[in-house]
Amino acid sequence: MSLSTARTFLSEACYGEQELDANSALMELDKGLRSTKLGEQCEAVVLFPKLFQKYPFPILINSAFLKLADIFRLGNNFLRLCVLKVTQQSEKHLEKILNVDEFVKRVFSVIHSNDPVARAITLRMLGSLASIIPDRKNAHHSIRQSLDSHDNVEVEAAIYAAASFSAQSKDFAAGICNKVSEMIQALDTPVDLKLKLIPMLQHMHHDASLASSSRELLQHLVSSYPSTPMVIVTLHTFTQLAASSLIDIPKQLQLLLQYLKDDPRKAVKRLATNDLKLLAKKAPHLWIRENTQTLCECALSSPYNSLKLGMLAVLSTLSGTIALKQYFHNMTGSSVPPRLTDLVKLAQECCYHSNLAVAAHGIVVLSNIAISCPEKDIIQLEQETVLGVESLLMLCSQDSSSSAQATLKTTLTSLVKLLKGRPHLSQSAVEFLLGQLHLSCDSSRVLMCHALAAIATHLPVLGDGMLGDLVDLYRVASHSSTDKQQELLVSLATVIFVASQSSLSAEVKTVIKQQLENVANGWTVYRIARQASRMGCHEFSSELYQSMRTRVASEHFYFWLNSLKEFSQAEQCLSHVEDGDYSGAMTAIAEALRSYQKGIASLTAASTPLSPLSFQCEFIKLRIDTLQALSQLICTCNSLKTSPPPAIATTIALASGNDLQRCGRIAMQMKVCMDEFRSLAARYADLHQSSFDADYATLRNVELQQQSCLLVSHVIEALILDPQAASFQEYGTLGSVQTESEYERRMMSVFSRVLEEVEGLTKKHPPVSHLHTGCLCDAVIALLKVPLSFQRYFFQKLQSTSIKLALSPSPRTPSEPIPVQSSQQLTLKVEGVVQHGSTPGLFRKIQSVSLNVTSVLQSKTGTDLKIPLDSKTNEIEQRVEPHNDYFSTQFLLNFSVLGTHTVTVEASVVDESGIEWKTGPRTTVSVKSLEDPYSQQLRHQLQQNAAQPAPQRSAYARF
């Protein structure tokens, strides 16, 4: 019963349980460990990794590992093996063990057992602990001793432990190197044992002399033992050592290329190509032209497809790096033009190879050459690349096998990359893809649709030409409800949305709806509606959300779909705004705000504790406030007509010295509007800074909203409040920025057009006139006419990162403050764990965590003395780098003022680019500063002395 309780607790996927729950689970597991049945003991042991994942803080992990060490010391070999597996699975938690000495002592006691299997398991256990005990001499001695054992199991365990300690400890690596060298070269050492000893040398990279001696030994081995297994293991160890020490990579490249060229064995050649690929990823800048040329010659002369494929994989890796430019730029004195080099010949030959994987790598190499080669005769190379791509696409598009689909995906990726660098090739490529769509299988059509969407996003002028063919294909696209057919419906709809540029015709809507009604399931309809919202087709998405909201099984899903429907209807209201129709714009904003208010109410109802929808709620609130601010700006502009400046406004302005007074009351109203837009821009910046897990398109969308608010505030200042000080130079490059989406392109176009109009108006007319207010209203309408794009993060969270903090000392109850004497300082220890979702680091990774600790005096006790402000508060910031998703640091806080203080600890993360993100969490504790006994005694004495009456003076007191 106890284990089932623990299993139930540990199987829950959510985080945030109280410490009591974790301790109770540990107690339940402890009962299982103390059971007399071996099965229950083993089950309890294997549940520990889930406990560590559930509550990954040192105080619990330390207790758990000490219990596991007792089981290891007292149990049988099977239990020891279970503990070893748990330790290896929980490697990232090992550094949280507080009593390392005690833990190692209990484990190490088994090394003196008479059972060689027990000793072998102990050695492997020590090897798993090498990261926390790298310099334990007793462990080093036991490993060296066990290498001389006559039991094969113990020797293999000693080799594993020696490799683990060599990777962690420089002293152990230096000490064991000679021993390993002697064992490898000894005649009585079996060959299979030598093959296990040699890989240990890859860890001998801690200093140059150690790496050099290891390299000399490997060089001796590779020439002395020419058998295939020995050469393969030695060469691979050679490569790993060179990759770690870095300085020997050029020599290793020459050695591998020599074996690739001269050694006749296929296994050795295959190993050489794999290691060359590893070095191509690790250090492509160290590949000189001669290395690449040798590899091309080997590939041209190789009769085996498998070897040719491996060599081409290396070349395709190199072709996307600096090595390609080094190959072409170092052709000084050569009369051969670039298109006749061996690399281009090889790529052209492989483009039409019978092996699809070889052909795919040939296309990758050829397209990378066509993109980066600046020569004049590149036109012929471009044409050859396009022909090769088309022939391979034609071959793979009708084959639904996994190899053909992988080749097709690689080819389409290369084509999109080529068209991005050479846009003049796009028209013919798009026509070919559209023609091929009708002849392809469903899985190939999905990939082609993705490619067409990417091309149309970068080159929107091609969208109109695609639309007719795509709609015709959609009519006959799906006749069944298989997964591939459903995926095809979504992909085709996405391309249609991109090509139509957020303006769907009635015919297109009818075609899509008809297909969705016939064969589409609810999830497919939702995905298409989501894409429509992302592309700005809000009228169509509103209809789809409306049809779906009653087909879900949860009221939370109903409210979610209802909120999406309201948001789409709100944006649809704004799409009917006409240029110059200011009253119509205000009416449209009012209707949109009504829908948005309904939507935000539904969105709030859709949120749950596990899915709070905080980003969505904040984004919609900001959108509502932005629309209200734009409406207020139009009203303020209209007030120039309803309440123009008085006749004496100029006189008042001259008398007060404030030039804005001659504009009348509109000047103050405009200042309020400008402050409102700047406040909105700051809130968008805060939303951006708190969205660490958002994808790049979503973050760019938030940036564009922020820039639109800054633009309006700048226009108000430039037109009315301060025309002389307004500068347009910082906005001069807006039109030349590379855009990634249709929404961004439209927004940047509006920004550029508005700034041009404002700059022209400020030079011609002094403020404030109907021209100025008209320009402002036109800017508002131009921003409203761009359909809002709801990006991926609004619907889907691909990356999930959260931080969990633990403070010590902690109060016994949440409402009870921590007592501390005013003459002492409080040491606040902050521990934290970084928790990830299924795809950690997909968009950005955590480099460090910034912890900010502040304390504020809440209530003061004792005498009312004048206290310096700096003694009332503490404010300390510290950055700490997490290791294995765990971090710990301490703060020294001063509470010299008697009373209750609130201490706030706030965490934020810093990514690899040095950008700080306000992710939270924010934790508070109460601290009560008490008077120390000595100060209390002094104060009482002073009070008593002050309470005694002074001796009365009289005439007799003088005698």
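In this chain, residues are counted from 1 in sequence order. Note that the coordinates shown come from a computational prediction; the quantities given were computed from them, not determined experimentally. Just so it is clear, the values below take in all heavy atoms, side chains as well, and ignore hydrogens, waters and symmetry mates.
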Nearest heavy-atom pair of [X] and [Y]: which atoms, and what distance?
X: Val750; Y: Leu783; value: CG1-CD2, 3.8 Å
X: Arg551; Y: Asn521; value: NH2-C, 4.4 Å
X: Gly465; Y: Leu434; value: O-CD1, 4.2 Å
X: Leu680; Y: Cys709; value: CB-SG, 3.9 Å
X: Ile363; Y: Gly388; value: CD1-C, 3.4 Å
X: Ala359; Y: Cys351; value: CB-O, 3.7 Å

Within the side chain of [X], is there an N or O that forms a donor-acceptor pair under 3.5 Å with the backbone of [Y]?
X: Gln531; Y: Val490; result: no
X: Arg700; Y: Asp695; result: no
X: Ser602; Y: Gly599; result: no
X: Gln405; Y: Asp399; result: yes
X: Ser563; Y: Trp560; result: yes
X: His361; Y: Cys350; result: no
X: Ser631; Y: Leu627; result: no
X: Asn701; Y: Ser789; result: yes
X: Ser749; Y: Arg745; result: no
X: Ser913; Y: Ile915; result: no

Those residues that, when tested against Leu356, pass side-chain contact (heavy atoms from CB on, under 4.5 Å) (two or more places apart):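 Leu356 satisfies side-chain contact (heavy atoms from CB on, under 4.5 Å) with Leu392, Leu395, Cys396, Ala404, Thr407 only.
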With Gln427 via side-chain contact (heavy atoms from CB on, under 4.5 Å) - residues at least two apart: Glu431, Leu462
Side chain to side chain donor-acceptor pair (under 3.5 Å) partners for [X], two or more places apart:
X: Tyr793; result: none
X: Thr411; result: none
X: Ser491; result: His450
X: Arg530; result: none

Nearest-0.5 Å distance that lies between atom CG in Leu437 and atom CE in Met448: 6.0 Å
Distance-only polar pair, side chains of Asn368 and Lys417, donor-acceptor under 3.5 Å: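 Indeed, the side chains of Asn368 and Lys417 share at least one donor-acceptor pair under 3.5 Å.
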Any heavy-atom pair between the side chains of [Y] and [X] that's under 4.5 Å?
X: Val511; Y: Gln514; answer: no
X: Tyr545; Y: Ser568; answer: yes
X: Val389; Y: Ser367; answer: no
X: Leu699; Y: Arg844; answer: yes
X: Val386; Y: Leu418; answer: yes
X: Tyr474; Y: Val508; answer: no
X: Val498; Y: Leu452; answer: no
X: Val519; Y: Leu489; answer: yes

Worked check of side chain to side chain contact (heavy atoms under 4.5 Å, CB included) between Phe497 and Leu504: CA-CA 7 Å; Phe497 295 150; Leu504 288 176; 3.5 Å; yes
Leu393 vs Leu415, side chain to side chain contact (heavy atoms under 4.5 Å, CB included): CA-CA, chis, key distance, verdict: CA-CA 10 Å; Leu393 287 177; Leu415 177 63; 4.3 Å; yes
Listed partners of Tyr558 passing ring pair (Phe, Tyr, Trp, His ring centres under 6.0 Å), at least two apart: none
Lys420 vs Ile371, side chain to side chain contact (heavy atoms under 4.5 Å, CB included): CA-CA, chis, key distance, verdict: CA-CA 9 Å; Lys420 210 175 184 181; Ile371 292 168; over 6 Å; no
Worked check of side chain to side chain contact (heavy atoms under 4.5 Å, CB included) between Phe52 and Lys92: CA-CA 10 Å; Phe52 299 154; Lys92 61 187 285 189; over 6 Å; no
What pairs of donor and acceptor atoms, side-chain ones from residues 608-621 against any protein atom, are under 3.5 angstrom apart with sequence neighbours left out?
from, atom 1, to, atom 2, distance (Å)
Thr608, OG1, Ser611, N, 3.0
Gln616, NE2, Phe794, O, 2.9

Salt bridge (charged side-chain N to carboxylate O under 4.0 Å, His left out): pairs with one or both residues in residues 487-507, sequence neighbours excluded: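 Of all non-adjacent pairs touching residues 487-507, those that pass salt bridge (charged side-chain N to carboxylate O under 4.0 Å, His left out) are Arg475-Glu507, Glu487-Arg527.
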Pair listing, ring-ring contact (aromatic ring centres under 6.0 Å, His included) test, anchored in residues 510-530, at least two apart: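 The answer is Trp523-Tyr526.
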Only pairs under 3.5 Å count here: list side-chain donor-acceptor contacts from residues 569-577, not counting sequence neighbours, and write none if there are none.
from, atom 1, to, atom 2, distance (Å)
Glu571, OE1, Arg623, NH2, 3.2
Glu571, OE2, Tyr596, OH, 2.4
Glu571, OE2, Arg623, NE, 3.0
Glu571, OE2, Arg623, NH2, 3.2
Gln572, OE1, Glu539, N, 3.2
Gln572, NE2, Glu539, OE1, 3.4
Gln572, NE2, Ser575, OG, 3.4
Gln572, NE2, His576, NE2, 3.4
Ser575, OG, Gln572, O, 2.6

Mutual orientation of the aromatic rings belonging to Phe567 and Phe790 [parallel < 30°, tilted 30-60°, perpendicular > 60°]: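 Rings of Phe567 and Phe790: parallel, under 30°.
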Is atom [atom1] of [X] surrounded by more than 12 heavy atoms (other residues, nucleotides or ligands) closer than 6.0 Å?
X: Arg792; atom1: CZ; answer: no
X: Lys509; atom1: NZ; answer: yes
X: Phe557; atom1: CZ; answer: no

Report all side-chain donor-acceptor pairs from residues 685-693 shorter than 3.5 Å, counting only partners two or more places apart or in another chain.
from, atom 1, to, atom 2, distance (Å)
His688, NE2, Glu703, OE2, 3.3
Gln689, NE2, Glu916, O, 3.3
Ser690, OG, Asp686, O, 3.3
Ser690, OG, Leu687, O, 3.0
Ser691, OG, Leu687, O, 2.7
Asp693, OD1, Gln799, NE2, 3.1
Asp693, OD1, Thr801, N, 3.4
Asp693, OD1, Thr801, OG1, 2.9
Asp693, OD2, Thr801, N, 2.9

Salt bridge present between Glu742 and Arg746 (N-O < 4.0 angstrom):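 Salt bridge between Glu742 and Arg746, a charged N being under 4.0 Å from a carboxylate O: yes.
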